[in-house]
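Working notes, beginning with the structure itself.
Scope of the values below: all heavy atoms of this structure, side chains included, with no hydrogens, waters or symmetry mates. Note that the structure is a prediction, hence the values are computed from the model and not measured.
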Amino acid sequence: MLDERWDVVVVGGGHAGAEAAAAAARCGARTLLLTHRIETIGEMSCNPAVGGIGKGHLVREVDALDGIIARAADAAGIHFKLLNRSKGPAVRGPRAQADRALFRTAVQALLRATPGLEMRGEPVEDLILGGDGAVAGVVTAAGKRIGAGAVVITTGTFLRGEIHIGDRRTPAGRVGEAPAIGLALTLERLGLPLARLKTGTPPRLDGRTIDWAALEPQHGDDPPEPLSWMTERITNRQVACAITYTNAATHELIRANLHHSAVYGGGISGVGPRYCPSIEDKVVRFADKMRHQIFLEREGLDDDTVYPNGISTSLAEPVQAAVVASLPGLERAVILRPGYAIEYDHVDPRALRPTLEVRAAPRLFLAGQINGTTGYEEAAAQGVMAGVNAAARAGGTAAPDRVLSRGEAYIGVLVDDLVLQGVTEPYRMLTARSEHRLALRADNAGLRLTETGIAWGCVGAERAAAHRTFAATVAEAEARARQDQATPTAFAAAGAPVNHDGRRRSAFEALGLPGLPEDGVATLFPWLRDLPPRVLAELRARALYAPYVERQAAELRVLEREERLPIPDDLDFAAIPGLSLEMRQRLDRARPATLGSAGRLAGVTPAAIAALAVHLRTREPRFT
């Protein structure tokens, strides 16, 4: 007997859970979000910032699908910076430092304003399974049985979470909140492959005790560039941050007290993130480096708390105090809350389909740190994908999977990496992970993905209308730019000498010439001055990368046919001639969705892919 029923139930109110719930509801599913405490929905558990290199791409892509993380960051942002501004548009990373309280308030307001979505502070302890083995709902800690067409679990660091400070251990999902024990046991009972990971956070400092005058100030961009494509301008007061550095005394202090670190003292078995190591890891692994940068981030406009980004630690509290006091400008800084490491269970993401649905438990979806990732942005990206797929599955129809390819989005890269390769450490998005990064810019996320989101039903009318107007304007401007031409003599007069070969060059080519100043382009083609800034910026980026993108696209088209060849879910790899036992085991364990994804599996040989291709073409004649 059920107490009530919903289309989609989302478990967890972090960044993955918020996006999953909002996305499912936008797709028309009656959605219930359940979490430990409704007051902490949208909490920034670690650093008070959104975006960055690679991560900013994910934020813009979630925004393009009408997600909420970028809009919340804009509503709460107090320090904006476009990272890698001096480099090409493909690797620029938009980043916003947020007021924690304003961000949490913004997320909750956006969720409350989403039709068809309800939020409750009721922890989930168990899952309800149907007779066919599919997940059919959840059981709360109070014993309430809630039916669901699909369930999304986004437990973050709460699955058997344990906080470590020196040799002190405290069961917790984060400071002051109980871990999720019952749900971890449920996943274990389902036979899902679980392992331990760890992450950490630095001590929080009292900004009133910091000697700001002795530090190198860091100002944000003026004017600040919003993260959401739908935000016209940032209205919050902006604040400056500061940088300090570790030194020889700091490093010696840490080395002398490694036995007081939970990680080096043997208290933690979980593997930490390679690209966001603790200060202990930095000192040990990079022993030849004389100093490490620490970015002092203010946590709010009316909050004196400061987040020292760069000294994540699990050292004992007295050692943390000494480490902080050894840093320039922080000699008298007071620690408001010590840093800590947190160890938690995660599910091997190779147990998931590309939709983030658990293969062994249909209608159950996982998103966020439970899949072995780290960061708000990676969690939000998985959340939106799990949400749209859960809504489709809850509908009971044979709706096609909602997936993005590696060539379409960094979200596609993220999911493909997770479900094929698994993780050996918390996964972090980097632009280097994408073979299509020249085309997958942060600033063209909407042009790449919003039409897809409209087709999925997760993009609202306001964004859809704005996007289509913008896309049409860009297309019209590019067509004109490719047709409008000037002579080599005219180029030379505008300050951009080109070969006097008699060949006329288009406005599009002019926009892609790195040596041609903006006023020179406008002199040659005055109509460009009348374009909206966003349209002109898009044209410039397209022109700059056009030769490289076209060459890359030609190469990828050769591989596309093989890449898209589907592998049926029920394919018996043992029945394929020419596959060794090892290859059969690797393929059966990963269950790749396409031939292309099979080729990216670690240890799978070209000969095995060739044998698999022959078998698939025999089975699927339409691909021969």
So, [X] side chain and [Y] main chain: donor-acceptor pair closer than 3.5 Å or not?
X      : Y      : value
Asn444 : Arg441 : yes
Glu357 : Phe365 : no
Lys81  : Gly52  : no
Arg60  : Pro94  : no
Thr114 : Leu110 : yes
Ser434 : Thr431 : no
Tyr376 : Cys46  : yes
Arg298 : Ala240 : yes
Glu297 : Gln97  : no
Asp99  : Ala101 : yes

Please give me the minimum heavy-atom distance between [X] and [Y], naming the atom from each residue.
X      : Y      : value
Ala18  : Ile68  : CB-CD1, 4.0 Å
Val474 : Leu539 : O-CD2, 4.5 Å
Ala21  : Leu117 : CB-CD1, 3.8 Å
Val403 : Glu408 : O-OE1, 4.2 Å
His467 : Leu447 : CE1-CA, 4.1 Å
Ala439 : Arg448 : O-CD, 3.7 Å

Salt bridge between [X] and [Y], side-chain N to carboxylate O under 4.0 Å?
X      : Y      : result
Glu378 : Lys55  : yes
Arg359 : Asp569 : no
Asp416 : Arg600 : yes
Glu509 : Arg482 : no
Arg542 : Glu538 : yes

Q) What residues, two or more places apart in sequence or in another chain, satisfy side-chain hydrogen bond (donor to acceptor under 3.5 Å, both in side chains) together with Thr450? A)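 Thr450 satisfies side-chain hydrogen bond (donor to acceptor under 3.5 Å, both in side chains) with no residue once adjacent residues are dropped.
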| Heavy-atom check, side chain of Ile454 versus side chain of Arg468, under 4.5 Å |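 SC-SC contact between Ile454 and Arg468 confirmed.
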- Query: Do Arg406 and Asp417 come within less than 4.5 Å of each other through their side chains, counting heavy atoms only?
  - Reply: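 Answer yes - side chains close enough.
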Practice task
Provide the full list of side-chain hydrogen bond (donor to acceptor under 3.5 Å, both in side chains) pairs with a residue in residues 9-32, sequence neighbours left out, each pair given once.
Solution key: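 For residues 9-32, and leaving out neighbouring residues, there are no side-chain hydrogen bond (donor to acceptor under 3.5 Å, both in side chains) pairs at all.
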Going by distance alone, is a donor N or O of one side chain under 3.5 Å from an acceptor N or O of the other, for Thr231 and Asp74?
->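 There is such a pair between these side chains.
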Using a distance-only test with no angle check, is there a side-chain donor-acceptor pair under 3.5 angstrom linking Ser228 and Asp63?
->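 There is such a pair between these side chains.
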Q. Between Arg463 and Trp229, is NZ or CZ placed under 6.0 angstrom from the six-membered ring centre and within 45° of the ring axis?
A.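 The answer is no; the distance or angle limit is not met.
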From the options Ile153, Val152, Leu356, Leu352, select the one residue that forms a side-chain contact (heavy atoms from CB on, under 4.5 Å) with Leu364.
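By the side-chain contact (heavy atoms from CB on, under 4.5 Å) criterion, Leu364 pairs with just one of Ile153, Val152, Leu356, Leu352: Ile153.
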Q. Which residues satisfy the ring pair (Phe, Tyr, Trp, His ring centres under 6.0 Å) test with Phe80, sequence neighbours excluded?
A.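 Counting only residues at least two positions away or on another chain, Phe80 forms no ring pair (Phe, Tyr, Trp, His ring centres under 6.0 Å).
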Open item on the list: Using 30° and 60° as the class boundaries, would you call the ring planes of His57 and Tyr410 parallel, tilted or perpendicular?
Closed with: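 The arrangement is tilted - the two ring planes meet at 30° to 60°.
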